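Residue numbers count from 1 along this sequence. As the structure is a prediction and not an experimental result, all values here were calculated from the model.
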Amino acid sequence: MFIKQLKLNGFRCYDAVELSFQRRINVFCGSNGVGKTSVLEAIYWLSTGKSFRSKRNKPLIQHQQTEFTVFSQLADEDEHISHSLGISFNSKNKKQIKLNHSHINQQSEIAHLVPVVSIDPDSYLFLDKPPQFRRSFLDWLVFHVKHEYLSVWSQTSRCQKQLNALYKEKQHQQLGQWESQYLKYASQLNHLRSEVFTMLEQRVHHYISRLIPELSDLVLTFFQGWNKDFSLEEVINREREKNLMYGNLNSGIHKMDIKAKMHHSLAHDVLSRGQKKLISITFYLSFIDLLSEFASHLPVICIDDMDAELDGDKTKILCDFINQSPHQVFITTVDHKRITSQLSDVDVFHVKHDGVIQTANGMTQ
Ligand SMILES: Nc1ncnc2c1ncn2[C@@H]1O[C@H](COP(=O)(O)OP(=O)(O)OP(=O)(O)O)[C@@H](O)[C@H]1O
């Protein structure tokens, strides 16, 4: 599945724009602030219903407008249009998803149909971000790799909410029942996460040895959210008084993290910014590999500001990965010549001010 056509109305700086894409590599270039990232953001939004750079959706609505629409035609490998997908969002926070003219309630259905992986300036801070960021990253991967994830995750968070309410209200009677429900689902979720982490870890090491062999000593660990010397049941029993005192569950799967260490120090504290960016990229390349292997459809890849801060050799390795991959890829860059000379099968889009996009053959969209 790939994105053959994209129409944006009232999205960020785009009043109305219609773009046709080719199956492989599409590069958006232009000066700062002209709207390159916004195109990638729209593609990511289409799949996830979220922006990769804004926590809220309202800032995506063009100033002076009350709603935006992102519409796309999806094609199969033979380039035949197989789905038309339109998602609109308005200033009253109402989202409408239409797939082949039928209303869809669950964004997760679209995420399965057209998975999109975004590698953007936030992704490059993978090691510096708070644990929540790495947790979402791993959970997003588990969602695609393990089909039972969504139901286990929603049961776990339902039990956790209930438990937190009981701890807060100091309701001892029902605690045992909800703690054992929580334990059941949290253990399942922990198992799914730890299996996917092991797959991820193997691939990250593979990419580190290719991209940054000097960092091959990096040690990754899966922190499940509680002391590994005890079972979750033991921890919950030991911490019950504390949980009641603070009014919430202290340890559990909501504290999960991926820790990276170099020579016994946190990688975040000892690596250079460029090295941290490269390590981050290895996580995302591994993510793409696993999605390609397990998801029902090949993921579309968006890479924002691709070559910023990468030296020539590293940019070349990344270009080689893209050339060899079967994915549809969208890239933004300020100076396209540096990367397009190393990529094959590329369409270049020149993004100008005022939402005007020019294709290589001179057509203005
Ligand atoms: N809701 C909105 N309505 C109208 N314009 C907006 C809105 N949100 C952002 N913009 C503007 O859209 C423009 C495009 O921003 P975008 O981040 O896509 O640019 P870019 O080309 O990727 O820039 P850079 O190279 O600096 O990353 C910016 O000028 C921004 O101020």
Spatial distance of atom [atom1] ([X]) from atom [atom2] ([Y]) [nearest 0.5 Å]:
X	Y	atom1	atom2	result
Glu77	Met1	CD	CE	9.0 Å
Lys94	Asn57	NZ	CG	14.0 Å
Leu8	Phe71	CG	CZ	12.0 Å
Gln224	Met256	CD	CE	10.5 Å

Residues, nucleotides or ligands: over 12 heavy atoms within 6.0 Å of [X] [atom1]:
X	atom1	result
Trp178	CH2	yes
Lys168	NZ	no
Gln22	CD	yes
Tyr246	OH	no
His191	NE2	no
Lys170	NZ	yes
Arg273	CZ	no
Lys255	NZ	yes

Taking the side chain as C-beta and beyond, is there a heavy-atom pair between [X] and [Y] under 4.5 Å?
X	Y	value
Met199	Phe294	yes
Phe11	Val17	no
Asp128	Lys276	yes
Asp304	Phe28	no
Val70	Leu85	no
Asn248	Asn243	no
Val346	Val348	yes
Ile303	Thr332	no

[X] and [Y]: side chain donor to acceptor below 3.5 Å:
X	Y	value
Thr66	Asn90	no
Tyr207	Asp289	yes
Gln132	Ser136	yes
Ser118	Asp120	yes
Gln188	Tyr149	no

Determine, for Tyr124 and Lys277, whether the Lys NZ or Arg CZ falls below 6.0 Å from the six-membered ring centre while staying within 45 degrees of the axis. yes
Cationic tip of Arg238 above Phe230 ring, under 6.0 Å, 45° of axis
yes
Tested for salt bridge (Lys or Arg N to Asp or Glu O under 4.0 Å) against Glu41, the lone hit among Arg12, Lys36, Lys50 is Arg12
Check whether Ile61 and Val39 end up in the same hydrophobic cluster, where Ile, Leu, Val, Met, Phe, Trp and Tyr are linked by side-chain heavy atoms less than 4.5 Å apart.
yes
### Query
Would you say Val27 and Phe2 are hydrophobically clustered, going by side-chain heavy atoms of ILVMFWY under 4.5 Å?
no
*Decide side chain to side chain contact (heavy atoms under 4.5 Å, CB included) for Ser20 and Lys4; before the verdict, give the C-alpha distance in whole Å, the side-chain angles of both, and the deciding distance to 0.1 Å.*
CA-CA 6 Å; Ser20 295; Lys4 197 167 168 92; over 6 Å; no
Which heavy atom of [X] sits nearest to which heavy atom of [Y], and what is that distance?
X	Y	answer
Leu189	Val152	N-CG1, 3.7 Å
Ile25	Ser344	CD1-O, 3.2 Å
Phe143	Ala111	CE2-CB, 4.0 Å
Ala186	Ile253	O-CG2, 3.6 Å
Cys13	Gly35	SG-CA, 3.8 Å
Ile288	Pro299	O-CG, 4.2 Å

Side chain [X], main chain [Y], donor-acceptor under 3.5 Å:
X	Y	answer
His172	Leu166	no
Asp311	Asp313	yes
Ser51	Arg53	yes
Arg134	Asp257	no
Lys314	Leu211	yes
Arg24	His327	yes
Lys58	Ser91	yes
Ser286	Val204	yes
Gln181	Gln177	no
Gln107	Ser47	yes

Does Tyr167 form a side chain to side chain donor-acceptor pair (under 3.5 Å) with Gln162? I'd like the steps, not just the answer. CA-CA 9 Å; Tyr167 288 135; Gln162 186 66 31; over 6 Å; no
Decide, yes or no, whether a salt bridge links [X] with [Y] under the criterion of side-chain N to carboxylate O below 4.0 Å.
X	Y	answer
Glu67	Lys92	no
Asp139	Arg193	yes
Asp122	Lys129	yes
Glu293	Arg203	yes

Could you walk me through whether Trp45 and Phe68 satisfy the ring-ring contact (aromatic ring centres under 6.0 Å, His included) test, starting with their C-alpha distance in whole Å, then the side-chain angles of each, then the deciding distance to 0.1 Å, before giving a yes or no?
CA-CA 12 Å; Trp45 198 85; Phe68 70 77; 4.8 Å; yes
ask   = Which is it for Ser108 and Leu150 under the side chain to side chain contact (heavy atoms under 4.5 Å, CB included) test, yes or no, and what are the steps along the way?
value = CA-CA 9 Å; Ser108 55; Leu150 208 52; 3.8 Å; yes
**Request:** Verify side chain to side chain donor-acceptor pair (under 3.5 Å) between Thr333 and Asp307, making sure each step is shown before the conclusion.
**Result:** CA-CA 7 Å; Thr333 177; Asp307 49 336; 3.1 Å; yes
Verdict with supporting geometry, Tyr284 and Phe137, ring-ring contact (aromatic ring centres under 6.0 Å, His included): CA-CA 9 Å; Tyr284 283 84; Phe137 172 91; 5.0 Å; yes
Run Thr69 and Ile87 through side chain to side chain contact (heavy atoms under 4.5 Å, CB included) and show every step you take.
CA-CA 6 Å; Thr69 309; Ile87 313 190; over 6 Å; no
